[in-house]
Amino acid sequence: EVQLVESGGGLVQAGGSLRLSCAASGFATDDYAIGWFRLAPGKAREGVSCFSARDGSTYYADSVKDRFTMSSDNARKTVYLQMDSLKPEDTAVYYCAAEDPYSGVCLDNGHLEYWGQGTQVTVSS
């Protein structure tokens, strides 16, 4: 079974940066998707960034384009989310999530199979 463990959250001032990490293991196929989702109080879970191995593409929410960057190590054992120019509205619990095999829906999929425990990101104004 896929296992995901997030780390790197914290408290930062607006305009600051954080890098989240997701240690991933247990993928059974090469046809998978993995990404970052966030949940803020009173809001629905939102897809932030998602990578599809099938498509070979990384997708970003419009709200974070040009500010957040998703990357991984060579073996894709660790996935990162570099967050720059943070805004108070970025405050949320951030989750690493994955699907194996890929269903065909990535960024907009709020029902991925596997989820990490989440890491809190708080941006002060």
Side-chain angles (χ1 to χ4, degrees):
E1 182 177 277
V2 175
Q3 187 173 38
L4 308 168
V5 181
E6 306 99 327
S7 62
L11 173 64
V12 299
Q13 291 186 328
S17 298
L18 283 173
R19 189 176 79 159
L20 306 183
S21 298
C22 173
S25 63
F27 288 103
T29 77
D30 293 327
D31 184 22
Y32 65 90
I34 187 167
W36 293 92
F37 296 75
R38 64 187 182 186
L39 181 63
K43 298 181 180 180
R45 198 183 307 276
E46 176 187 21
V48 175
S49 179
C50 192
F51 170 78
S52 164
R54 182 187 302 172
D55 296 340
S57 299
T58 302
Y59 305 93
Y60 296 94
D62 289 340
S63 60
V64 306
K65 286 182 178 178
D66 301 320
R67 298 192 298 119
F68 292 9
T69 304
M70 185 175 171
S71 63
S72 66
D73 61 17
N74 291 336
R76 299 195 183 279
K77 294 181 179 180
T78 304
V79 177
Y80 306 98
L81 184 66
Q82 178 67 42
M83 305 185 294
D84 298 321
S85 301
L86 283 162
K87 304 175 180 180
E89 49 263 45
D90 294 319
T91 295
V93 178
Y94 284 71
Y95 297 89
C96 184
E99 191 171 50
D100 182 29
Y102 182 39
S103 69
V105 179
C106 194
L107 188 65
D108 297 327
N109 190 353
H111 299 91
L112 293 170
E113 293 179 277
Y114 307 103
W115 296 82
Q117 83 287 352
T119 185
Q120 176 71 46
V121 172
T122 302
V123 184
S124 65
S125 59

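Val121 and Val48 fall within a single hydrophobic cluster, where Ile, Leu, Val, Met, Phe, Trp and Tyr are joined by side-chain heavy atoms under 4.5 Å apart, directly or via other members. In the hydrophobic clustering of ILVMFWY residues, with side-chain heavy atoms under 4.5 Å counting as a link, Leu4 and Leu81 come out together. Cluster membership check: Met83 shares its hydrophobic cluster with Phe51, using side-chain heavy-atom separations under 4.5 Å among Ile, Leu, Val, Met, Phe, Trp and Tyr. Hydrophobic cluster membership is shared by Trp36 and Tyr60, with clusters built from Ile, Leu, Val, Met, Phe, Trp and Tyr side chains linked at under 4.5 angstrom. Linking Ile, Leu, Val, Met, Phe, Trp and Tyr whenever their side-chain heavy atoms come within less than 4.5 Å puts Tyr94 and Val79 in one cluster.
Here Arg45 pairs with nothing under the salt bridge (Lys or Arg N to Asp or Glu O under 4.0 Å) rule; sequence neighbours left out. Listed by chain and number, the residues in a salt bridge (Lys or Arg N to Asp or Glu O under 4.0 Å) with Glu46 are Arg38 (sequence neighbours excluded).
Residues Tyr59 and Ser49 have side chains not in contact (no heavy-atom distance under 4.5 Å, counting atoms from C-beta outward). When side chains are defined from C-beta on, Ser52 does not count as touching Ser57, because their heavy atoms never get closer than 4.5 Å. The side-chain heavy atoms of Phe68 and Asp90, taken from C-beta on, include a pair separated by under 4.5 Å. A 4.5 Å side-chain heavy-atom check between Met70 and Ile34 finds at least one atom pair inside the cut-off. With contacts defined as side-chain heavy-atom distances shorter than 4.5 Å, the pair Thr91/Gln120 qualifies. Contact check for Glu1 versus Tyr114: side-chain heavy atoms found under the 4.5 Å cut-off.
For residues 24-54, the pairs satisfying disulfide (SG to SG under 2.5 Å) are Cys50-Cys106, with sequence neighbours left out.
Taking NZ from Lys87 and OG from Ser125, the interatomic distance works out to 14.0 Å, rounded to the nearest 0.5 Å. Here the straight-line distance linking atom CZ of Arg19 with atom OG of Ser17 works out to 12.0 Å at 0.5 Å rounding.
Although no hydrogens or angles enter the test, the distance criterion places a donor-acceptor pair under 3.5 Å between the side chain of Asp73 and the main chain of Thr78.
Below 30°, between 30° and 60°, or above 60°: for Tyr95 and Trp115 the angle between ring planes is above 60°, a perpendicular geometry.
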